[in-house]
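Since the structure comes first, as C-alpha cells, the remarks are kept for the end.
What you are looking at is a predicted structure, and each value in this text was computed from that prediction instead of being measured. Counting starts at 1 for both ligands and their atoms, following the listed order.
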Amino acid sequence: MLMKGKKGLVIGVANNKSIAYGIAKACADQGADLILTYQNEKLQSRVQKVADELNVKNIYPLDVSKEEEIIALRDNIEKDYGKIDFIVHAVAFAPKDALTGKFLNVSKEAFTIAMQISVYSFIEVAQKFQTILNDNASLLTLSYLGAVRYIPHYNTMGVAKAALEASVRYMAVDLGDRGIRVNAISAGPIKTLAASGIGDFRKILNYNEENSPLRKNVTIEEVGNSAMYLLSDLSSAVTGEVHYVDSGYNVTGMPIVE
Ligand code: NAD
C-alpha cells in the first residue's frame, strides 16, 4: 500500500484505454484517494464509470483551456479534500493541421493551441494549485519521444512535448525548495483516443514492437506502475526527470538486426 494516505488529482481520463486510467488504477490499487476530471459532458459518463470502478468519490469538470475552470477546480478540491499530494497531467491536443503534412507549414493558430493545451496547461495547473499542494508533493506529466527525435506526423506535438520536457526542469527548480517534485514519463506508443489523431499510428506501433530492446509495446498498466513509483515516496530524490517507459525503444537509433 505505497500510496496509502495520499490524495491526488488525475487529469486526462477519457475512458479505460487512457494512460491516465492506467495511472489512476495503479495508484488506487496502492491505496491512493483519487480525484478525477472530465473534459466535457460527452466524456462525463465514461469518467464516472472509471470513478465508480476505482472508488473515486468526486469527479469535476475541467477544460484546461479555461483559467476559470482551473481555479474553480482548485477551490472545489480544497473545500472537499483539503491539501493534496500529487497531480497527474495526461492531457494533449493539437488541431489536425498541426499533425499533418509538412511541419514547416503549421499555422500560428494551430501551433498556439497545441502549446496552450499540451504545455501551458501543466504549468498553469501547478501555478494555481501551489497553495493546496502538500510539501513533498509529486507532479507528473506525459511526454513522447517526438520531443527529442523526428517521428513521422508528430510535427507540432513533438515541439510541444520538447517544451513540456523543458518546463518539467524549470518547474522542478521552482518547486524543489518545498520538496515538491516534477517529472515526466515518456511513454511508448499506445492505442488511445489521442493516438488515433496521429497518422500511420499502426505502423509506428509495429515498428516500435520490432525495434525496441524488449520487442514489445508498452501497456497502460506498465506506464501506470512507473507513474505510481514517481508519485510515491519511493522516488523521493527524483525530480526534473524524463523517465522513458517505452520498452527501451529510445536507445535504438536503427532497426534491430537479429
Ligand atoms: P487519451 O485520449 O485517453 O487522453 C487525452 C486526454 O486529454 C483526454 O482525457 C482528453 O479529454 C484530454 N484533453 C484534451 N484536451 C483537453 C482540454 N482542453 N481540457 C481538458 N482535458 C483535455 O490519450 P492518451 O494517449 O492517454 O494521452 C494522455 C497523454 O499521454 C497525452 O499527453 C499524450 O500526448 C501522452 N502520450 C501518449 C502516447 C500514446 O501513444 N498514446 C505516448 C506518449 C505520450
Side-chain angles (χ1 to χ4, degrees), residues 9-25 36-47 50-51 59-70 72-73 87-95 98-99 112-122 124-125 140-149 151 153-165 167-168 184-209 212 217-224 226-227 242-247 249-250:
L9 167 65
V10 179
I11 306 170
V13 175
N15 53 41
N16 63 3
K17 305 272 185 290
S18 295
I19 292 175
Y21 167 78
I23 298 173
K25 176 142 177 38
L36 302 180
T37 63
Y38 55 94
Q39 184 189 348
N40 51 43
E41 278 173 17
K42 231 171 62 197
L43 294 174
Q44 184 174 2
S45 63
R46 296 227 188 106
V47 177
V50 169
I59 68 170
Y60 302 89
L62 176 65
D63 179 334
V64 295
S65 67
K66 299 181 178 143
E67 183 182 10
E68 66 279 11
E69 290 198 12
I70 297 177
L73 177 69
I87 299 177
V88 176
H89 171 274
V91 171
F93 175 77
L99 293 168
T112 305
I113 291 172
M115 294 296 277
Q116 280 178 353
I117 304 296
S118 314
V119 187
Y120 189 69
S121 65
F122 184 49
E124 190 173 18
V125 166
L140 180 70
T141 188
L142 270 299
S143 190
Y144 179 55
L145 187 62
V148 292
R149 289 212 214 142
I151 302 281
H153 310 297
Y154 207 59
N155 294 15
T156 302
M157 193 52 81
V159 175
K161 293 300 191 192
L164 183 67
E165 293 185 5
S167 303
V168 162
I185 283 182
S186 182
I190 302 175
K191 205 163 173 289
T192 61
L193 211 57
S196 64
I198 311 290
D200 289 328
F201 192 73
R202 169 59 45 197
K203 269 193 203 160
I204 293 173
L205 274 176
N206 291 341
Y207 193 85
N208 276 246
E209 188 174 3
S212 51
N217 281 315
V218 299
T219 64
I220 59 170
E221 288 76 22
E222 289 170 321
V223 177
S226 289
V242 178
H243 178 80
Y244 283 88
V245 182
D246 67 344
S247 299
Y249 179 76
N250 70 94

Tabulation required: pairs of a nitrogen or oxygen in ligand 1 and a protein nitrogen or oxygen under 3.5 Å; columns are atom names and distance to 0.1 Å; otherwise 'none'.
unit_1: ligand 1; atom_1: 2 (O); unit_2: Ala194; atom_2: N; d: 2.9
unit_1: ligand 1; atom_1: 3 (O); unit_2: Ser18; atom_2: OG; d: 2.6
unit_1: ligand 1; atom_1: 9 (O); unit_2: Gly12; atom_2: O; d: 2.8
unit_1: ligand 1; atom_1: 9 (O); unit_2: Ala14; atom_2: N; d: 3.4
unit_1: ligand 1; atom_1: 11 (O); unit_2: Gln39; atom_2: OE1; d: 2.7
unit_1: ligand 1; atom_1: 13 (N); unit_2: Gln39; atom_2: OE1; d: 3.3
unit_1: ligand 1; atom_1: 18 (N); unit_2: Asp63; atom_2: OD1; d: 3.0
unit_1: ligand 1; atom_1: 19 (N); unit_2: Val64; atom_2: N; d: 2.8
unit_1: ligand 1; atom_1: 23 (O); unit_2: Thr192; atom_2: OG1; d: 3.2
unit_1: ligand 1; atom_1: 25 (O); unit_2: Thr192; atom_2: OG1; d: 2.6
unit_1: ligand 1; atom_1: 26 (O); unit_2: Ile19; atom_2: N; d: 2.8
unit_1: ligand 1; atom_1: 32 (O); unit_2: Val91; atom_2: O; d: 3.4
unit_1: ligand 1; atom_1: 32 (O); unit_2: Lys161; atom_2: NZ; d: 2.9
unit_1: ligand 1; atom_1: 34 (O); unit_2: Lys161; atom_2: NZ; d: 2.9
unit_1: ligand 1; atom_1: 40 (O); unit_2: Ile190; atom_2: N; d: 2.8
unit_1: ligand 1; atom_1: 40 (O); unit_2: Ile190; atom_2: O; d: 3.3
unit_1: ligand 1; atom_1: 41 (N); unit_2: Ile190; atom_2: O; d: 2.9
unit_1: ligand 1; atom_1: 41 (N); unit_2: Thr192; atom_2: OG1; d: 3.3

Partner of Tyr154 under side-chain contact (heavy atoms from CB on, under 4.5 Å), chosen from Leu145, Ile198, Val159: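 Answer to the side-chain contact (heavy atoms from CB on, under 4.5 Å) test with Tyr154 among Leu145, Ile198, Val159: Ile198.
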Those residues that, when tested against Phe122, pass ring-ring contact (aromatic ring centres under 6.0 Å, His included) (two or more places apart):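 In terms of ring-ring contact (aromatic ring centres under 6.0 Å, His included), with neighbours along the sequence ignored, Phe122 is linked to His89.
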Would you say [X]'s side chain and [Y]'s backbone share a donor-acceptor pair under 3.5 angstrom?
X: Asn206; Y: Glu209; value: no
X: Ser226; Y: Val223; value: no
X: Glu165; Y: Ala162; value: no

Point-to-point distance, once rounded to the nearest 0.5 Å, from CG of Leu73 to CG of Leu62: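 The distance works out to 5.5 Å.
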